[in-house]
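Quick notes on the structure that follows.
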Amino acid sequence: MSAPSMTLFHNPASPFVRKVMVLLHETGQLNRVALQPSQLSPVSPDAALNQDNPLGKIPALRLADGTVLYDSRVILEYLDQQHVGNPLIPREGSARWRRLTLAALADGILEAAVMIRYELALRAPEKHWAQWLDAQREKIRRALAVLEADNIAELSCHFDVAAISVACALGYLDLRHPDLQWRDAQPQLAAWYADVSQRPSMQASVPQV
Ligand code: GSF
């Protein structure tokens, strides 16, 4: 087996990193990437990461020639063009825009969930901004409601970029925001998630804190 040619800034609790790990697993590319552990938050940066990604966010992927790719969407697109199997991001046509929009919906859930996490975990309790927190929770609630009402069949047909992104978003809600009890209002999504959670790629990337 050849040595990994790429380096991924990685943290096992990061849902955005998890999307990359799941795609690597699903496309048989895990052995091409070395993991560089990165412990960070917006107020305790990782200096080595900042050298490669001035935004100081993970995931970032350093290629063999030293080029660094970020963010997770760009990394997924790149990696999906490095294997010979069926693409997990449609290359063209209406399917491409549909699946990328679903993935963006999932990423939006994650962005709101991560913002809530930072506010609650990093800020002094007396400074918590309740109205802003509620607004982030509303974004999540609305997005989940749309997935439940409109997108179950689309998610079920293919474990691609859209399904990977939604699955990683739901996994993160379970990890950081179990109080949201998202399954209560989304029983079909819950059943879909229970099913895809059994995939080896999801099992191998269960978040660890
Ligand atoms: C978001 C990455 C991100 O927020 C992407 O890659 O898709 N749009 C980007 N990563 C978090 C860690 S996590 O919650 O997955 C991060 O690096 N936070 C550090 C910071 O300074 O915001």
Side-chain angles (χ1 to χ4, degrees), residues 5-30 32-33 35-36 38 40-42 46 49-50 52-83 85-118 136 139-140 142-144 146-147 151 154-155 157-173 175-176 193 196 199 201-202 205 207:
S5 59
M6 299 178 271
T7 301
L8 179 68
F9 286 91
H10 177 273
N11 184 295
S14 162
F16 291 102
V17 168
R18 189 181 189 190
K19 292 193 304 171
V20 175
M21 296 304 293
V22 172
L23 183 130
L24 284 169
H25 200 130
E26 294 283 341
T27 59
Q29 299 186 82
L30 277 176
R32 301 186 61 210
V33 175
L35 304 184
Q36 173 150 337
S38 184
L40 81 173
S41 82
D46 171 344
L49 171 67
N50 286 353
D52 275 352
N53 177 2
L55 300 173
K57 295 190 182 197
I58 52 173
L61 182 72
R62 194 188 312 119
L63 308 184
D65 68 358
T67 306
V68 180
L69 303 182
Y70 47 84
D71 61 4
S72 64
R73 299 183 204 197
V74 176
I75 296 170
L76 291 185
E77 186 90 41
Y78 174 79
L79 291 173
D80 196 41
Q81 301 204 11
Q82 306 304 312
H83 67 99
N86 288 332
L88 297 188
I89 304 174
R91 297 283 151 81
E92 58 192 9
S94 59
R96 175 173 172 79
W97 310 120
R98 183 69 199 136
R99 303 310 283 191
L100 285 176
T101 299
L102 273 176
L105 185 64
D107 282 358
I109 292 173
L110 270 183
E111 283 158 14
V114 168
M115 290 298 106
I116 294 171
R117 166 77 185 159
Y118 289 155
Q136 301 305 317
K139 290 179 194 290
I140 296 171
R142 289 195 302 266
L144 291 174
V146 165
L147 289 171
N151 304 132
E154 281 176 289
L155 289 176
C157 71
H158 191 188
F159 197 68
D160 69 348
V161 67
I164 289 171
S165 301
V166 172
C168 291
L170 297 175
Y172 186 74
L173 294 182
L175 177 72
R176 297 297 193 196
Y193 180 63
V196 297
R199 296 180 76 91
S201 63
M202 291 293 291
S205 60

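Computed from a predicted model, the values in this text were never measured in an experiment.
The pair Arg199-Glu26 counts as a salt bridge, with a side-chain nitrogen and a carboxylate oxygen less than 4.0 angstrom apart. We find that Arg73 and Asp107 are joined by a salt bridge, their nearest charged nitrogen and carboxylate oxygen being less than 4.0 Å apart. Taking 4.0 Å as the cut-off between side-chain N and carboxylate O, Arg96 and Glu77 count as a salt-bridged pair.
Residues Ser205 and Val22 come closest through the heavy atom pair OG-CG2, 3.5 Å. Contact detail for Leu110 and Cys168: the closest heavy-atom pair is CD2-O, 4.3 Å. In this structure, Leu79 and Met6 approach most closely via the heavy-atom pair CD2-CE, 3.8 Å. Among all heavy-atom pairs drawn from Phe16 and Val114, the shortest one is CE1-CG2, 4.1 Å. In terms of heavy atoms, Tyr70 sits closest to Pro59 at CB-O, 3.9 Å. Between Ala169 and Ala106, the closest heavy-atom pair is CB-O, 3.8 Å.
Sparse packing is recorded around CD of Glu92, with 12 or fewer heavy atoms of other residues, nucleotides or ligands lying under 6.0 Å away. More than 12 non-hydrogen atoms from other residues, nucleotides or ligands lie less than 6.0 angstrom from CG of Asn50.
One N or O on the side chain of His83 and one on the backbone of Gly85 form a donor-acceptor pair closer than 3.5 Å. Side-chain atoms of Arg18 come within 3.5 Å of backbone N or O of Met202 as a donor-acceptor pair. In this structure, Gln136 contributes its side chain and Ala113 its backbone to no donor-acceptor pair below 3.5 Å. Between the side chain of Asn53 and the backbone N or O of Lys57 there is at least one donor-acceptor pair closer than 3.5 Å. Between the side chain of Asp80 and the main chain of Ile89, a donor-acceptor pair closer than 3.5 Å is present. Checking side-chain atoms of Arg99 against main-chain N and O of Glu154 turns up a donor-acceptor pair under 3.5 Å.
Tyr172 has its side chain within reach of Arg117: a pair of non-hydrogen atoms, C-beta onward, lies under 4.5 Å apart. Leu49 places a side-chain heavy atom less than 4.5 Å from the side chain of Leu40. Residues Leu88 and His158 meet the side-chain proximity criterion, which asks for heavy atoms closer than 4.5 Å. Met21 has its side chain within reach of Leu8: a pair of non-hydrogen atoms, C-beta onward, lies under 4.5 Å apart. Residues His10 and Val33 have side chains not in contact (no heavy-atom distance under 4.5 Å, counting atoms from C-beta outward). Using a 4.5 Å heavy-atom cutoff, the side chains of Val166 and Tyr193 are not in contact. Contact check for Leu144 versus Leu170: side-chain heavy atoms found under the 4.5 Å cut-off. Taking the side chain as every heavy atom from C-beta outward, Leu61 and Leu63 approach each other to under 4.5 Å.
For the atom pair Arg62 CZ and Asp52 CG, the distance stands at 4.5 Å (nearest 0.5 Å). Atoms CG and OG, from Leu24 and Ser201 in turn, are 10.5 Å apart once rounded to the nearest 0.5 Å. Atom-to-atom distance recorded for Leu102:CG and Leu147:CG is 7.0 Å, nearest 0.5 angstrom. Of the inter-residue distances, the one linking Lys139 atom NZ with Ile116 atom CD1 reads 10.5 Å to the nearest 0.5 angstrom. For the atom pair CD1 (Ile58) and OG (Ser72), the distance works out to 10.5 Å, reported to the nearest 0.5 Å. Taken from OG1 in Thr101 to CG in Leu105, the straight-line distance is 9.0 Å, to the nearest 0.5 Å.
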Show, in sequence, the C-alpha distance, side-chain angles and deciding distance for Ser38 and Asp46, and conclude whether the side chain to side chain donor-acceptor pair (under 3.5 Å) test is met. CA-CA 7 Å; Ser38 184; Asp46 171 344; 2.6 Å; yes
